[in-house]
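These notes are about the structure you will find just below.
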Amino acid sequence: MFKATIFVTLKESVLDPQGVAVKNSLHSLGLENVHEVRIGKRLEVFLDQVDRKQAEAQVQMMCEKLLANPVMENYRYELEEVS
Amino acid sequence: MHFAVPIFPGSNCDRDTIHAIEDVLDQPVTAVWHQDSDLKKFDAIIIPGGFSYGDYLRTGALAAQSPIMEGIREAADQGKLVLGICNGFQILLETGLLPGAMRRNDHLQFRCSISRLSVENTQTPFTLGFSQGEQIRIPIAHIEGNYYCDEETLQELQQKGQIIFRYAGENPNGSIDYIAGICNERRNVLGMMPHPERAIFDWMGSTDGVKLFTSMLQYWKENNGAA
Amino acid sequence: MQLKQKVISLPNEPTPEMIREQTLYKELGLKSEEYEQIIHHLKRLPTWTELGIYSVMWSEHCSYKNSKTLLKQFPTQGSRVLQGPGEGAGVIDIGDEQAVVFKIESHNHPSAVEPFQGAATGVGGIIRDVFSMGARPIALLNSLRFGDLKSSARVRYLFEQVVAGIAHYGNCMGIPTVGGEVVFDPSYEGNPLVNAMCVGLLKHDELQKGVAQGVGNPVIYVGARTGRDGIHGATFASEELNETSESKRPAVQVGDPFMEKLLLEACMEMVEQKDLLLGIQDMGAAGLTCSSAEMAAKGGYGMDLNLDLVPRREQGMTPYEIMLSESQERMLLVVEQGRESEVQAICDKWGLTSAVIGRVSEGDRYRLFFQGELVADIPLRTLVDAAPCYVQAQKVPDYYRENESVCPEEQLQHIDPQVGLHQVVSSVNLASKRWIYQQYDHMVQASTAVCPGSDAAVIAIRGTDKALAMSTDGNARYVYLDPVQGGRIAVAEAARNVVCTGAEPLGLTDCLNFGSPEKPEVYWQLAGAIQGMSEACQELNTPVVGGNVSLYNETKGQAIYPTPVVGMVGLITSRKHIMTQSFKQAGDVILLLGETLAELGGSELQSLVTGKISGRPPVLDLEKEKKVQQVVLHAIRHGFVHSAHDLAEGGLAMSLAESCIAGGLGANVTAKTQLSALTYLFSESQSRILLSVPENQAWHLIALAEDMGVKCTHLGEVIEVPEMRICINGESVIHESVQELTRKYEEAIPCAMSPSLTSTN
């Protein structure tokens, strides 16, 4: 079995209002040196698959088709074999 | 003119939309479950608002994978009218039938109010009953209506007259270029955040939604010779 | 399953002997005498599972053990009442084979600990109560209390998160949140109140009940899987909050409105198949325990449940955990044997888990099986009907005696009326609540005829000319100063609000939020408030058809103000009678119905100026109240009226300002009075309503009021110039632009909240 940890983040050019709000809150906690916050998603996907190549292809496909919206999001993933 | 209103798990403006078609147009309308992909017998499709799949992952993303989207795509290709309201708009974006994407409102809060819009293009099947630049009042209710597209797409939308509604006055969600509704290049697919089905009787506070529905019917009659 | 089987205790749980020796029952909130009673009922020592079941069934939340004797005073009958207290929600006939279903419930303690989820699941729970009756929910309301908004970042955080949680759940469900109230007062600093109300609509033949019937019939579980969340929520709600409350965080559940939407639609489909459901009940407080035990007890049957069949989402759950879990979005059904597949088919369509988990049995035994063993065997009636019942001692508090001699009018006479007006208009308690209600989808279902911001919200009923008016109300300051008067006022004002929209009040649901009943002063407040409310219900013919009691609302030994909240529903017979508070037309005559007395005790102005409340609250004369309401309803129905607005906190000055602000018009008012201008304008005397009427209709109204023996004062007229001008006893005391008042009114809450926005505590 494989475990894919997928990170979906907003593209750099896209404003992240939640990130801005969190940044402002961090400032109000006295952390004035925080100059940017970007919020993203982390997904854990467990795959019944023995072949790493095929697992990788499946993860790639699910990211492109569903898990990330290419209009405004990027994704990357880590794949590890688990028992 | 036979309307279809697709229902996804979590749709919640489906009944309102059906009622509006009945009350304003007195035309047949059928609720279609999202697992049905055959929409051949319908003349127009209105994807209702709500929280399909709880808005999980991204608004509209999971509904965009439903079997019914095949039928909707087919209908759009055939030039039938497809209207997506609120979550319906979000679904159309996720399906790629309309360009761009939706982000959370810039102030991060859900916003429900009657919003002022200007009708930017009346040369569409959905707006032919309005006058150019007409100011109308239609309720909005969403937390994710902050429309986004890249600069190139925006220019294209502007040049090809695909921006149909803009917020007039206050922009309630931070959308690019005050966009409240856009159509495809062929102008038979419209997505809009405001809810015309909530503005059809005086007691609702506005009747400006009526003309959107009557425009659709008028267009259909003109193009199908049925009077 | 053998008939004579011995109840076993599980190896990983305390043994019955340990429970007794180490008084472990106290950890579950049971008193020693209650533990003895359980032994008496079982004729042996209870196991840990059985003890858990008793503890939640006998909690205040489920058994009303401290309030039951007082609650008996409430009138619960009426010619239109189809279902009074005792079911998921009350049901009142509205004609045409239709009925309105409604209930209010508190979710105070969970919201204090985790405001977003606490408020969200509070809304989810009350919605289930309504659709478990077979009704489709058509509106949500709420009533909220927080500490002082301006001085505490924690309060702002709680307020912001509670509102967001309510919005999250209601918006996703597609049920409009159309009304409510919010009050900020230091007494709620550590113990905010979150009361949620749901209103639904059904056809008479769709009415369902939470009852188990027919030996051998299957008990079916539908909805979300059971996890360890919310174990002991009902007990948690019946305890005082303290430092360890934070560590009890697991008691708070996470809501999934999407799941509930599916559950709603599936249940509606089952209800439509008229004879499918024999009984249905929400798994709310005390989860599977309360729903199954109550259903069996109401039916007069026993019940066997096999806990191995309960859908779970966590491994290794014990019977104790399964029975006490308060996982959300679950429903329990009983159908006729052989019709399981019909339920299954509907659940499959909506993607819901369902499972037959037990059977209705003959007799009175409530038996739970787990891994082939009998783990609980309890005489059912002892859980439901034999819960302990306490009448506590009462004591008149010292503050009540001390207030006797206070003269609030004297405290305030130095205030300039114009300054007073600015203060009340920009008080967060009275100012515009737009910041809140624009976060709620108040227009979904396309039936909202009067949006939030008026006296009561109005929902049109499709297919008829009828509409329903609804409002939540409760001024705790009055109740604190005088529980009986305060109780009367809570009911009367809610009714008045509904009348101002053109509706006849039908009945109410109540939520009684009080401190610890074991304190004699608090019990005195509770007893007085219930007495006052009962009197008003009786006189105004508004039966109590359901409600909820929330006691132990205290932090660090300090009780909140006694806060009974009333949720009133009224019927508008024709849409053309729908009335709002805004001035409509220049030239209209402004009339005031009712009498103004020197009553500033507990007023908003007193609180703003002196920082506290004292004296006696306004006195409510029920006969006068009834007449004023009759005059207004009659006048609205005969088309004499352009606007109607209840006079409440902030008195005449505030009501005039609100009618001006809402209509964007001005008012020219000239009055003569024995009172000082300040008292006249800010007194909170009850049973008063402000009307604007077309000039040529004014005489109708004046004559009508005179006939009914109601005082009617000609105050002045609505003017085109957007200015509020008030002249009292020949002296101009207020002259202010409506624009400026609007600015203050609209900006008060956004300004107080501006430092926040998704920030921390």
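Side-chain atoms are counted along with the backbone in the values below, which use heavy atoms only and exclude waters and symmetry mates. Sequence lines set the chain letters: A, B, ... in the order given, protein chains first and strands last, and positions in each chain run from 1.
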[X] to [Y] - nearest heavy-atom pair and separation:
| X | Y | value |
| --- | --- | --- |
| B/Gln109 | C/Trp435 | NE2-CZ2, 3.3 Å |
| B/Pro9 | C/Leu262 | CB-CD2, 3.5 Å |
| B/Tyr56 | C/Pro257 | OH-CD, 4.3 Å |
| B/Cys112 | C/Tyr440 | CB-O, 3.2 Å |

* Run the side-chain contact (heavy atoms from CB on, under 4.5 Å) check on B/Arg15 and C/Arg136 step by step: do they pass? -> CA-CA 12 Å; B/Arg15 291 150 55 91; C/Arg136 182 170 277 281; 3.1 Å; yes

Heavy-atom contact with chain B under 4.5 Å, split by part of [X]:
| X | answer |
| --- | --- |
| C/Ala164 | neither |
| C/Arg575 | side chain |
| C/Met173 | backbone |

So which part of [X] gets closer than 4.5 Å to some heavy atom of chain C, the side chain, the backbone, both or neither?
| X | result |
| --- | --- |
| B/Ser11 | backbone |
| B/Arg111 | both |
| B/Ile114 | both |
| B/Asp14 | neither |
| B/His142 | neither |

* Anything under 30° is parallel, anything over 60° is perpendicular, the rest tilted; go ahead and classify C/Phe258 against B/Tyr53. =>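 Taking B/Tyr53 first and then C/Phe258, their aromatic rings sit tilted (interplane angle of 30° to 60°).
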
* Asked: Has B/Glu22 got more than 12 heavy atoms of other residues, nucleotides or ligands less than 6.0 Å from its CD?
  ->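 Counting neighbours around CD of B/Glu22, more than 12 heavy atoms of other residues, nucleotides or ligands fall under 6.0 Å, so yes.
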
* Would you find more than 12 non-hydrogen atoms of other residues, nucleotides or ligands less than 6.0 Å from B/Glu70 atom CD? ->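 Count not over threshold, so no.
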
* I would like to know whether B/Met204 and C/Thr448 meet side-chain contact (heavy atoms from CB on, under 4.5 Å); could you show each step before the answer? => CA-CA 7 Å; B/Met204 292 180 170; C/Thr448 309; over 6 Å; no

* **Residue selection (most heavy-atom pairs with chain B, distance under 4.5 Å) from C/Ala446, C/Gly351, C/Gly174** =>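 Most heavy-atom pairs within the cutoff with chain B belong to C/Ala446.
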
* To do: Please step through side-chain contact (heavy atoms from CB on, under 4.5 Å) for the pair C/Val444 and B/Arg198, ending with a clear verdict.
  => CA-CA 8 Å; C/Val444 64; B/Arg198 299 186 188 180; 3.3 Å; yes

* In terms of side-chain geometry, is the basic nitrogen of B/Asp16 or C/Arg462 positioned less than 4.0 Å from the acidic oxygen of its partner? ->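 Salt bridge: no.
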
* When rounded to the nearest 0.5 angstrom, what distance separates CE in C/Met443 from OG in B/Ser206? ->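 Nearest 0.5 Å value for the CE-OG distance: 10.0 Å.
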
* When rounded to the nearest 0.5 angstrom, what is the spacing between OG in B/Ser113 and CG in C/Asp441? ->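 So the OG of B/Ser113 and the CG of C/Asp441 are separated by 10.5 Å.
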
* Distance-only, no hydrogens or angles: does the B/Asn12 side chain make a donor-acceptor pair with backbone N or O of C/Cys172 under 3.5 Å? ->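 Yes, B/Asn12 side chain to C/Cys172 backbone: donor-acceptor pair under 3.5 Å.
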
* For side-chain contact (heavy atoms from CB on, under 4.5 Å), just list the numbers for B/Phe110 and C/Gln438, CA-CA rounded to whole Å, side-chain angles, deciding distance to a tenth of an Å, and then say yes or no. => CA-CA 7 Å; B/Phe110 192 96; C/Gln438 72 183 4; over 6 Å; no

